[in-house]
Amino acid sequence: MNLDLNRTNHHRFDLKDGKLVVAHILVAFIALLIGGIAGLLQTMVKSGTVKLPYGIGYYELLTAHGILMAIVFTTYFIIGFLYSGVSYTLGGKLLPIVHRMSWLGFAFMTAGTVLGVIMVLTGKASVLYTFYAPLKASPYFYIGLALLVVGSWISGWGIFWQYKYWKQTHQGKLTPLFAFMSVVTFLMWQIATIGVAAEVLIQLIPWSFGWVETINVMLSRTLFWYFGHPLVYFWLMPAYICWYVIIPKIIGGKIYSDALARLSFILLLLFSIPVGFHHQLMEPGISSFWKYLQVVLTFMVVIPSLMTAFSLFATFELNGRAKGAKGLFGWVKVMPWKDVRFFAPFMGMLIFIPAGAGGLINASNQMNAVVHNTLWVTGHFHLTVATSVALTFFGITYWLLPVVTGRVLTPRMNKLGIIQTIIWCVGMFFMSGAMHLVGLFGAPRRTAFTTYEGNADAAAWMPYYVFMAIGGTVLFIGVLLMVYNVFALLRAPKGVEEYPLGEAMESAEATPAYLDHWRLWISLSVLLILVAYTIPLMDMITSTTPGSKGFIT
Ligand code: HAS
Ligand code: HEM
Ligand code: CU
């Protein structure tokens, strides 16, 4: 067996880097708390239980929820988590310059978040988290977004810097798997965010300041989804890092294949980006050929997820057999069900099976016509990001906070974690289940309470809204418990908790060197993007359709 690959040499986590990690995780969970209040209120409004006071608009609430949950909670958590693994596996400590870059990134992101959230909460940016034109926000909202993105770039560059230094000082060594995956994740992010940066800087900011009268809506939506789809993989890839690298260690097994894990990440880099049109299948202005091409590429990006599923089953089964389990599902019996570090991410994986299946339905053009803009889609992403990803992040928190602060995960906290996980699954079963069903009956997403003037079809949606509100209430209890857990973990008894890094089954030589050929992968990724986007973008830019003025809700 190999000793060099992803070797866990059990050094202690650098506590100075730990502060950086804690800062990111704390902002993430504060966002979860505020976003959770908004989410609860949304379900209350939709079911007619509550009327919003003080002239708060439904879109204002929904924008706050989407931004705080999908952008702020995720991005901060991801940067905190990836920095922990990069620090631990690439030298045991961040270089001073990298440490400073990460705090600088944090400062930019936080300035942007505060500015953006103030604009939303004062009703000056009720444009939803997709900030589609021609809905128009205050320019300061867009400036806030720009700062957030630039901050995330600086943090990403810090990871590249640490990686480059490690490579120079470890010539010929295979990059530790965690760090490799972090680099891929941020490479993907770097390429994807160029789209949203262009949209915000070239289109939205000049337009919202009034420097130009109108905006090219088609172009802005396309630039958004060039970024918006890889955004969902930016959330997913860190969860995959946990599933590939951390979970095998926690269950006392091995990573099934180091090379397969790396290949799946390379495929995610290649195919995450040129697929944005699967969010625009129902839009006029894009010819069916380019939609078709991007749908084909969408089905390509499913492959690394299927590889992940395969690899996880292999890890579980081989681990089970090593412990004497028999049969196809014998491994289920030997899993550490009472360990929240396993249980929470595992529930995330389990739920990713129906969640991913829903995605395949969405991506199929004809079926997209049935579900597009209905609550079905909202149900889909409350399973993917708000459950598979969120539960995995929660599960990480239980060991990450103790590791980076020099504390231990106590049996009591572990138990609270298990309870929290169950609450989340129950709440989501009701909320997302009801969303999926009522979406199939045509109930639209992004709507406040309305009876549609007593329309009978719409009246039939009401019971589902009530189930959504019940689920939302349970979930909100889950949010409160999770936030409590975070603060309790920060006060846990001092001690040493190990950073749970898995080791691969095969030897380092089994991982082909070409997987580290960044120039090749970046070039291929750019090539695919050019093929999928150049002609449609040219059509949009040269289109003679007049631009649109702004609208404020
Ligand atoms: Fe999606 C809309 C297609 C995955 C998030 N998606 C959204 C939106 C969000 C989102 C936020 O094609 C709404 C955006 C908006 O506001 O308008 N999605 C897909 C496809 C996939 C997919 C094909 N989505 C995700 C992930 C997300 C996410 C991941 C967040 C993290 N999605 C769409 C489409 C739309 C869309 C259309 C537009 C809809 C519309 O009309 O507006 C695929 O990547 C899914 C692949 C996944 C699988 C599952 C693999 C299973 C694994 C688990 C193994 C389990 C184990 C445990 C080992 C094929 C890896 C087993 C244990 C046992 C005991 C059995
Ligand atoms: C939208 C509830 C947690 C991401 C919604 C909507 C509801 C809701 C009712 C849809 C409203 C509509 O279309 O009219 C909740 C509740 C939660 C929760 C009760 C837990 C307490 C989360 C989490 C995430 C998330 C953890 C992501 C990490 C989103 C996004 C939207 C959304 C991106 C779409 C916003 C839009 O359409 O502009 N949520 N949610 N939610 N939620 Fe959640
Ligand atoms: Cu997508």
Side-chain angles (χ1 to χ4, degrees), residues 32 35-46 58-59 61-63 65-71 73-74 127-130 225 228-236 239-240 243 272 275-282 295 298-299 301-313 315-316 329 331-332 335 346 348-365 367-369 371-378 380-390 393 424 427-428 431-432 435 444-448 465 468-469 471-479:
L32 183 82
I37 297 172
L40 174 68
L41 285 173
Q42 282 151 218
T43 62
M44 296 288 176
V45 170
K46 284 179 101 78
Y58 185 73
Y59 263 32
L61 204 61
L62 192 52
T63 310
H65 178 73
I67 298 268
L68 285 164
M69 292 299 206
I71 313 281
F73 165 68
T74 48
V127 292
L128 306 180
Y129 86 109
T130 42
W225 285 117
H229 182 79
L231 169 68
V232 317
Y233 283 93
F234 177 66
W235 306 328
L236 182 68
Y240 276 7
W243 298 358
S272 283
V275 297
F277 284 171
H278 70 229
H279 294 267
Q280 300 175 277
L281 292 174
M282 294 303 121
V295 164
T298 301
F299 281 88
V301 79
V302 171
I303 293 172
S305 285
L306 295 175
M307 286 165 61
T308 304
F310 169 79
S311 169
L312 290 166
F313 275 114
T315 294
F316 293 160
F329 283 99
W331 53 268
V332 173
M335 290 298 193
F346 182 85
M349 292 174 203
L350 198 62
I351 291 166
F352 199 48
I353 297 174
L360 298 178
I361 292 173
N362 298 344
S364 313
N365 185 52
M367 287 196 265
N368 189 266
V371 299
H372 183 62
N373 275 343
T374 71
L375 278 168
W376 163 281
V377 175
T378 319
H380 161 68
F381 61 72
H382 280 88
L383 289 189
T384 51
V385 63
T387 309
S388 297
V389 171
F393 288 1
W424 199 266
M428 207 50 97
M431 191 176 86
S432 177
M435 285 171 167
R445 62 184 285 200
R446 296 178 158 174
T447 46
Y465 290 156
M468 276 166 53
T473 309
V474 176
L475 279 167
F476 185 66
I477 296 169
V479 167

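Model, not experiment: these values are computed from the prediction. Remember, it's 1-based here, ligands and their atoms both numbered in the order they're listed.
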*asked:* Going by the closest heavy atom to atom 4 (C) of ligand 2, which one wins out of Arg446, Met428, Met69?
replied: Met69

*asked:* Just to confirm my output: which protein heavy-atom neighbour is closest to atom 6 (N) of ligand 1, and how far is it?
replied: His380 NE2, 3.1 Å

_Per atom 7 (C) of ligand 2, closest listed option by heavy atom (Met431, Met468, Gln42)_ = Gln42

_For the 3.5 Å polar cut-off, considering only N or O atoms, please tell me whether Trp424 and ligand 2 meet it._
no

*Within the structure, does Thr378 bring an N/O atom to less than 3.5 angstrom of an N/O atom in ligand 2?*
no

*For ligand 1, which part of Leu236 has a heavy atom less than 4.0 Å away: the side chain, the backbone, both, or neither?*
side chain

*Can you tell me, to 10 degrees, how wide the angle at atom 43 (Fe) of ligand 2 is between NE2 on His65 and NE2 on His382?*
180°

_Structural part of Asn362 in contact with ligand 1, heavy atom criterion under 4.0 angstrom_ = both

*Atom pair OG1 (Thr473) and CE (Met431), whose distance is rounded to the nearest 0.5 Å*: 10.5 Å

*Hey, does Thr74 come in under 3.5 Å of ligand 2, counting only N/O atoms on both sides?*
no

*Would a distance-only check, ignoring hydrogens and angles, find a side-chain to backbone donor-acceptor pair under 3.5 Å from His229 to Val275?*
no

*asked:* Is there a polar contact between ligand 1 and Arg445, counting only N or O atoms under 3.5 Å apart?
replied: yes

*For Asn368, counting its heavy atoms only, list the atoms of ligand 1 lying under 4.0 Å from any of them.*
39 (C), 40 (C), 41 (O)

*Close N or O approach (Ala309, ligand 1; < 3.5 Å)*: no

